[in-house]
Amino acid sequence: MADNAILFKFLAKSIGMKHGVMPSFMAKPWGNLPGCSGHTHVSLQDLSGSNIFACSDPKGRPDAAFEDTKFISLYAEQFLAGLLDGLPDVMPMFVPTVNGYKRLVGGEAFWAPNAVTYGYDSRACSVRIISPPSVPPAATRFEVRVPGADMNPYFVLSAIFKLGLRGIEKQMNLTTPPVSAIQGDPVRRKEVVVLPRSLEVATARMMGPDSIAREIFGDEFVEHYGGTREHEVHLWNQAVTNWEVERYLELA
């Protein structure tokens with residue numbers, strides 16, 4: 001899957017060059033329009049090819065943590081709990097560029113999630129649950145909506161599955177309520193965990209001593225990849241943008 005994504009980007013750029021255009025996968029090319037996403041759909045199969053996220057009971061699971069998870073399996077619920085638990089700690093793997101965080105600034109208004117949220121068939125959340133009754137049980141899956149089009153598919157898929165499998169292995173309970181239970185409750189809205197809003201903040205969190213990223217990927221990878229993101233931030237901090245010149249050249 002990741003190979004195909006990389007091949008598609010390579011082919012799109014190569015063919016575009018032949019026709020005098022430049023296809024781009026920049027996450028936020030224009031400030032006043034929605035950005036370009038890299039939404040990733042995931043599920044798990046057992047050795048027989050059956051979707052283990054699917055709920056076997058056509059009436060739904062009576063012990064589901066919330067109504068939104070009624071038609072997904074316990075494994076899926078644990079996978080979701082693990083994904084939500086570690087999401088803030090792996091943001092540089094989902095959003096690896098300075099520009100990518102500008103896509104998330106608009107939040108729900110631009111269909112870009114900026115918090116640790118999930119919900120049934122919700123396109124405003126970080127993780128959208130796709131399950132019956134809107135699809136057949138075999139099509140049950142999660143749509144992870146945080147990554148932008150500029151993401152590295154190898155890193156994104158690795159992070160999603162490592163976090164999700166960690167949730168299954170630890171038999172994590174889903175304690176975070178779905179977005180449908182939060183939107184009308186001002187108190188609960190304040191409890192929502194907001195995702196890092198810049199590459200600098202995201203990298204510092206990923207490289208923290210207690211980061212879940214270190215647990216699932218190891219210190220060597222986190223230090224190396226984190227170092228490349230710190231370098232990216234350093235280059236950005238050195239740059240003087242057109243916006244700064246237009247705003248401050250006369251005003252200062």
Side-chain angles (χ1 to χ4, degrees), residues 1-3 5-10 12-14 16-17 22-40 83 86-107 110-116 126 144-163 193-248:
M1 184 65 72
D3 288 345
I6 290 293
L7 181 61
F8 171 78
K9 294 175 75 170
F10 175 76
K13 289 177 178 290
S14 299
M17 289 174 63
M22 184 179 67
S24 175
F25 295 87
M26 185 176 177
K28 188 72 171 179
W30 297 281
N32 60 340
L33 293 172
C36 302
S37 70
H39 298 171
T40 306
L83 179 56
L87 181 56
D89 287 2
V90 299
M91 279 296 287
M93 302 184 72
F94 285 179
V95 188
T97 67
V98 170
N99 174 261
Y101 291 83
K102 297 182 186 296
R103 168 181 160 264
L104 303 180
V105 169
F110 279 169
W111 307 101
N114 55 15
V116 181
S126 290
V144 184
R145 300 173 55 79
V146 177
D150 57 356
M151 57 82 162
N152 181 318
Y154 298 99
F155 288 174
V156 168
L157 289 172
S158 296
I160 290 172
F161 283 110
K162 278 185 172 290
L163 289 175
V193 176
V194 177
L195 295 171
R197 295 188 175 180
S198 71
L199 181 59
E200 184 172 12
V201 173
T203 301
R205 174 150 186 168
M206 181 185 72
M207 299 183 72
D210 299 322
S211 168
I212 294 174
R214 291 189 181 275
E215 177 185 338
I216 61 175
F217 287 108
D219 291 334
E220 185 175 356
F221 173 83
V222 170
E223 289 297 326
H224 176 77
Y225 182 63
T228 69
R229 297 308 87 201
E230 288 178 328
H231 178 67
E232 189 81 0
V233 170
H234 176 68
L235 294 178
W236 163 248
N237 288 338
Q238 286 182 316
V240 178
T241 66
N242 290 341
W243 182 89
E244 291 171 284
V245 174
E246 292 172 1
R247 184 166 181 84
Y248 299 122

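Just so it is clear, the values below take in all heavy atoms, side chains as well, and ignore hydrogens, waters and symmetry mates. Fair warning: this is a prediction, and the values are worked out from it, not measured in the lab.
With hydrogens and angles disregarded, no donor-acceptor distance shorter than 3.5 Å links the side chain of Thr203 to the backbone of Glu200. No donor-acceptor pair closer than 3.5 Å links the side chain of Glu246 to the backbone N or O of Trp243. Thr40 contributes a side-chain N or O that, together with a main-chain N or O of Gly38, makes up a donor-acceptor pair within less than 3.5 Å.
Contact of the Ser37 side chain with the Arg103 side chain is registered, since non-hydrogen atoms from C-beta on lie closer than 4.5 Å. Under the 4.5 Å side-chain criterion, counting only non-hydrogen atoms from C-beta, Phe94 is not in contact with Leu195. Using a 4.5 Å cut-off on side-chain heavy atoms (C-beta onward), Ser126 and Val144 make no contact. The side-chain heavy atoms of Pro29 and Ser24, taken from C-beta on, include no pair separated by under 4.5 Å.
The CG atom of Leu87 lies 12.0 Å from the CE atom of Met93; values are rounded to the nearest 0.5 Å. Lys102 NZ to Ser198 OG: the interatomic distance, rounded to the nearest 0.5 Å, is 10.0 Å.
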Subject >> Intermediate values then yes/no, side chain to side chain contact (heavy atoms under 4.5 Å, CB included), Leu104 and Arg197 >> reply: CA-CA 7 Å; Leu104 303 180; Arg197 295 188 175 180; over 6 Å; no

**OP:** With side chain to side chain contact (heavy atoms under 4.5 Å, CB included) as the test, would you mind laying out the steps for Val222 and Ser211 before giving the verdict?
**Re:** CA-CA 10 Å; Val222 170; Ser211 168; 5.8 Å; no

Subject >> Audit row: Asn114, Val105, side chain to side chain contact (heavy atoms under 4.5 Å, CB included) steps and yes/no >> reply: CA-CA 7 Å; Asn114 55 15; Val105 169; over 6 Å; no

Original post:
Can you list the steps and then say if Tyr101 with Lys28 is a side chain to side chain contact (heavy atoms under 4.5 Å, CB included)?
Top reply: CA-CA 8 Å; Tyr101 291 83; Lys28 188 72 171 179; over 6 Å; no

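Within a 6.0 Å radius of CG in Asn237, more than 12 heavy atoms belonging to other residues, nucleotides or ligands are found.
Applying the salt bridge (charged side-chain N to carboxylate O under 4.0 Å, His left out) test to every pair with at least one member in residues 218-230, sequence neighbours left out, gives these pairs: Arg214-Asp219, Arg214-Glu223. Counting only residues at least two apart or in different chains, salt bridge (charged side-chain N to carboxylate O under 4.0 Å, His left out) contacts with residues 86-101 comprise Asp89-Arg205.
Among all heavy-atom pairs drawn from Pro96 and Leu199, the shortest one is O-CD2, 3.7 Å. Pairing each heavy atom of Ala213 with each of Met206, the nearest pair is CB-CG, 3.7 Å. Considering every non-hydrogen atom in both Pro88 and Pro196, the closest pair reads O-CG, 3.9 Å.
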Can you give the donor-acceptor pairs under 3.5 Å from side chains of residues 146-160 to other protein atoms, not counting sequence neighbours?
residue, atom, partner, partner atom, Å
Asp150, OD2, Thr97, OG1, 2.5
Asn152, OD1, Tyr154, N, 2.9
Asn152, OD1, Phe155, N, 3.4
Tyr154, OH, Asp3, OD1, 2.4
Ser158, OG, Tyr154, O, 2.7

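The aromatic rings of Phe221 and Phe217 sit tilted, their planes meeting at an angle between 30° and 60°.
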